[in-house]
Asks: 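I'd like to ask some things about the structure below.
Remember, predicted model here, so these are calculated numbers, not experimental data. The sequence lines fix the lettering, A, B, ..., with proteins before strands; numbering per chain opens at 1.
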Protein chains: 2
Amino acid sequence: MSSSPETRVTLIGAGTIGISLAALHLTHLHSPESLTIVDTRPDLAVVVKDQLNKIIPKQLGPQISKINLTTNLTHAVKEATIVQESGPEDLYFKQSLWAEVEKHAPRNALFWTSTTGIPASLQNRSMQDKSRLIVVHPFNPPHILPLLEIVPAPETSQSVIDATLAFWRNRGRQPILIRKEVKGFVAGRLAWALLREAVHLVNEDVVTVEELDRIMENSMGPRWAYAGPFKSFHTGGGPGGLEALMKNVGGSVQACWDDAGRVNIGEDWEQKIFYQTREAYKEVDLDERDRAMRRIFDAVAEEKSRSS
Amino acid sequence: MSSSPETRVTLIGAGTIGISLAALHLTHLHSPESLTIVDTRPDLAVVVKDQLNKIIPKQLGPQISKINLTTNLTHAVKEATIVQESGPEDLYFKQSLWAEVEKHAPRNALFWTSTTGIPASLQNRSMQDKSRLIVVHPFNPPHILPLLEIVPAPETSQSVIDATLAFWRNRGRQPILIRKEVKGFVAGRLAWALLREAVHLVNEDVVTVEELDRIMENSMGPRWAYAGPFKSFHTGGGPGGLEALMKNVGGSVQACWDDAGRVNIGEDWEQKIFYQTREAYKEVDLDERDRAMRRIFDAVAEEKSRSS
């Protein structure tokens, strides 16, 4: 769905996530003049132009120069209907930011934070109206990956939750309401849980970094791209589903859980694994990644619609 | 690569994995007469015909009736160059099976077990020559997913390891040598580590089974289908890679690890999660799954080859 001329989005922060969100918003906004990016960096215009050009379709290129760029927060949020923040992961920065945004933005503007870990209930502490702020956590890169974890604070109003979910649903994205403010939300916790075991296995020389990645790319990756873990294991269990599977292999599963790695941040594994990763992946082709991921989504969507 | 007429494969066990392996071997064997399936079930012919027909390309259909089917193990392995076992996950069954196979199979035949958890060093205990057995652990469904975890026992000979890796590499699959006989091997440990956290989050009502699956399908699934966790996080870290990412978010990662779920098999979560999963996925479309996964692999391979 295209947005009406009344939708005006202000993005705070022109880092990787901010730029990717700009690419995403450009695809639905009525005009690029409805998009504002605010960042205090002196090279803002150059960064926006260079980085956006790399990720948007060629025909959108001429729109970049029409985006409003500013270093002035007050000015940037004055007419916004949505303020979406992707600034530093710093509690005090975010607390004072939202107090300031609240003073200058229109009364009904939605306030979204892209934080990966600081809950809205901490970020909203200096706000007059704590019901306005909600976490909208995108998954990198958000212009490709449709997931948005929507995490309200206990104070967030139902109307803010509803409007946020509706906004993204109407634009073909996948907003999922997270019902409790757990640390790291859901996608992060799942990814980090798997990474911990991955680090353990490489650290124990069971496989290398590159072998572990190949294992994932040729097994769970494609499987979970089509169906998440519960659906996949349910299917794998045959007619008896997940329950039958667990009856069958529960003993092995528990043995793996009991034997699981318990590495921690800052321990000895880091240099070994950082080194192997750097050596394995000297060049990273972001364009290839984006093309591949777009095609994965298209393939899954087409096959699902073909069945229904 | 097509196999020469000298390659003769005997599959032990006509369960889901055995049938899927039959579909895979049919695509490279010189003729269906080079394939033998042995199973004691009385309805073997019906099962093989019905199940294979569902998963092989239509033009291979006429080959099914030419596969050798038998209930007689001695007869089945007599001329095999490869014996691949996908029988029950039962140590005593496997130990006596391999002792018997060894007596009747040709001297140079490779012995492969599809076990998800019983290491070759336990299965080989009753064999005269323990150097012959190796784990070749496929990922379900193996006729689609290319991963094969190759896990030697300490006694397994280098020539058996090399021949096994070469066989699968030559047929376009992805055999990965696992260097230690860890419980659950690598793919399983990673999947179960993630499932444990997934179960915890649903059990705590943070999200439902269906929501958690949608999170995976719209974030890590497609990402890991293209690039495993190390490469993905390395890319996500920008120019500084994985190390920079960990410097940035290591605190949040550790907080998630410290807060991670510690559910166990047989605890109260089971009924809740089995119920939600059954309700969410009443009908499972295996054909859709297989089509979607094939297209995911094609898409990734094409985009990678386009860049190189």
Side-chain angles (χ1 to χ4, degrees), chain A residues 117 139-140 146-147 174 176 180 182-184 186-187 189-195 197-198 206-207 209 211 213 215-222 224-226 228-231 234-236 242-243 250 252-256 259 265 274 277 281 284-285 288 291-293 295-296 299-300 303 307, chain B residues 117 139-140 146-147 174 176 180 182-184 186-187 189-195 197-198 206-207 209 211 213 215-222 224-226 228-231 234-236 242-243 250 252-256 259 265 274 277 281 284-285 288 291-293 295-296 299-300 303 307:
Chain A
F139 209 73
N140 191 26
L147 175 66
Q174 285 280 349
I176 306 277
K180 292 181 182 174
V182 289
K183 285 192 181 76
V186 173
R189 291 177 75 105
L190 295 173
W192 302 130
L194 185 136
L195 184 72
E197 186 62 18
V206 177
V207 282
V209 155
E211 288 164 348
D213 279 349
I215 286 174
M216 186 64 61
E217 292 155 19
N218 289 285
S219 59
M220 279 91 74
W224 289 340
Y226 167 71
F230 289 112
K231 186 174 180 187
H234 190 61
T235 310
L242 183 65
E243 183 163 9
S252 303
V253 173
Q254 186 67 48
C256 290
D259 193 45
I265 298 293
F274 295 159
T277 308
Y281 307 117
V284 163
D285 186 338
E288 178 188 279
R291 288 196 321 262
M293 286 201 293
R295 287 198 48 189
I296 290 170
V300 171
E303 294 304 336
S307 304
Chain B
F139 210 74
N140 190 26
L147 176 67
Q174 286 281 349
I176 306 277
K180 293 181 182 175
V182 289
K183 284 192 181 76
V186 172
R189 292 177 74 104
L190 296 173
W192 303 130
L194 186 135
L195 185 71
E197 185 63 18
V206 176
V207 281
V209 155
E211 288 164 348
D213 278 349
I215 286 174
M216 186 64 62
E217 293 155 17
N218 289 285
S219 58
M220 278 92 73
W224 289 341
Y226 167 71
F230 289 112
K231 186 175 180 186
H234 191 61
T235 311
L242 183 66
E243 183 163 10
S252 304
V253 173
Q254 186 67 48
C256 289
D259 193 45
I265 299 293
F274 295 160
T277 307
Y281 307 117
V284 164
D285 186 339
E288 178 189 277
R291 288 196 322 261
M293 286 201 293
R295 287 198 48 189
I296 290 170
V300 171
E303 294 304 335
S307 303

Asks: Between A/Ile296 and B/Pro222, which heavy-atom pair has the shortest distance, and what is it?
Replies: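 Residues A/Ile296 and B/Pro222, closest heavy atoms: CD1-O, 3.6 Å.
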
Asks: Checking B/Ile176 against chain A: side chain, backbone, both or neither under 4.5 Å from a heavy atom?
Replies: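 The side chain, not the backbone.
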
Asks: For A/Phe230 and B/Thr277, work out which heavy atoms get closest and say how close.
Replies: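 Taking every non-hydrogen atom into account, O-CG2, 4.0 Å.
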
Asks: Contact part of A/Met293 toward chain B, heavy-atom cut-off under 4.5 Å: side chain, backbone, both or neither?
Replies: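 The side chain, not the backbone.
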
Asks: Could you check which of B/Leu242, B/Val206, B/Val284 has the highest count of heavy-atom pairs closer than 4.5 Å to chain A?
Replies: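 Of B/Leu242, B/Val206, B/Val284, B/Val206 has the most heavy-atom pairs under 4.5 Å with chain A.
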
Asks: In terms of heavy-atom pairs under 4.5 Å with chain A, which of B/Val207, B/Val253, B/Thr235 leads?
Replies: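 With the most close heavy-atom pairs to chain A, the winner is B/Val253.
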
Asks: At their closest point, which heavy atom of B/Ala191 faces which heavy atom of A/Met220, and how far apart are they?
Replies: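 Looking at all heavy atoms of both residues, the shortest contact is N-CE, 3.8 Å.
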
Asks: Taking it one step at a time, do B/Trp224 and A/Leu194 satisfy side-chain contact (heavy atoms from CB on, under 4.5 Å)?
Replies: CA-CA 12 Å; B/Trp224 289 341; A/Leu194 185 136; 4.0 Å; yes

Asks: Please report the interatomic distance NE2(A/His234) to OH(B/Tyr281), rounded to the nearest 0.5 Å.
Replies: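 Nearest 0.5 Å value for the NE2-OH distance: 9.0 Å.
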
Asks: I'd like to verify something: which residue of B/Gln174, B/Glu303, B/Lys183 has the highest number of heavy-atom pairs under 4.5 Å with chain A?
Replies: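 Answer, by heavy-atom pair count under 4.5 Å with chain A: B/Glu303.
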
Asks: Checking heavy atoms, do the side chain of A/Val182, its backbone, both or neither come under 4.5 Å from chain B?
Replies: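 A/Val182 touches chain B through side-chain heavy atoms alone.
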
Asks: Just so I know, are the side chains of A/Met216 and B/Leu147 near enough to count as touching, which here means a heavy-atom distance under 4.5 Å?
Replies: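 A/Met216 vs B/Leu147: side chains apart.
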
Asks: A/Arg189 side chain to B/Asp259 main-chain N or O, any donor-acceptor pair under 3.5 Å?
Replies: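 Yes, A/Arg189 side chain to B/Asp259 backbone: donor-acceptor pair under 3.5 Å.
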
Asks: With side-chain contact (heavy atoms from CB on, under 4.5 Å) as the test, would you mind laying out the steps for A/Trp192 and B/Gln254 before giving the verdict?
Replies: CA-CA 9 Å; A/Trp192 302 130; B/Gln254 186 67 48; over 6 Å; no

Asks: Would you name the heavy atoms of A/Leu195 and B/Pro229 that are closest together and state the gap between them?
Replies: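 Closest approach of A/Leu195 to B/Pro229, heavy atoms only: CD1-CB, 4.4 Å.
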
Asks: side-chain contact (heavy atoms from CB on, under 4.5 Å) for B/Val209 and A/Lys231? Distances and angles first, verdict last.
Replies: CA-CA 8 Å; B/Val209 155; A/Lys231 186 174 180 187; over 6 Å; no

Asks: In terms of heavy-atom pairs under 4.5 Å with chain B, which of A/Gly117, A/Gly236, A/Gly250 leads?
Replies: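 Winner by heavy-atom pair count: A/Gly250.
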
Asks: Let me see the working for A/Tyr226 and B/Glu288 under side-chain contact (heavy atoms from CB on, under 4.5 Å), right down to the final yes or no.
Replies: CA-CA 9 Å; A/Tyr226 167 71; B/Glu288 178 189 277; 2.5 Å; yes

Asks: Where is the tightest heavy-atom contact between A/Ile215 and B/Ala187, given as atom of each residue plus distance?
Replies: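 Where A/Ile215 meets B/Ala187 most closely, the heavy atoms are CG2-CB, 3.8 Å.
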
Asks: Roughly how far apart are B/Glu197 CD and A/Glu197 CD, rounded to 0.5 Å?
Replies: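 Rounded to the nearest 0.5 Å, the CD-CD separation comes out at 13.5 Å.
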
Asks: Would one find more than 12 heavy atoms of other residues, nucleotides or ligands at under 6.0 Å from atom NZ of A/Lys180?
Replies: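 Above 12, so yes.
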
Asks: Between B/Pro146, B/Ala225, B/Gly184, which has the largest tally of heavy atom pairs under 4.5 Å with chain A?
Replies: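 Highest number of heavy-atom pairs under 4.5 Å: B/Ala225.
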
Asks: Do any N or O atoms from the side chain of A/Arg291 and from the backbone of B/Ala299 form a donor-acceptor pair under 3.5 angstrom?
Replies: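 The answer is no, because no donor-acceptor pair under 3.5 Å joins these two groups.
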
Asks: Is the side chain of B/Glu217 donor-acceptor paired with the backbone N or O of A/Gly228 at a distance under 3.5 Å, no angle test?
Replies: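 At least one qualifying donor-acceptor pair exists.
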
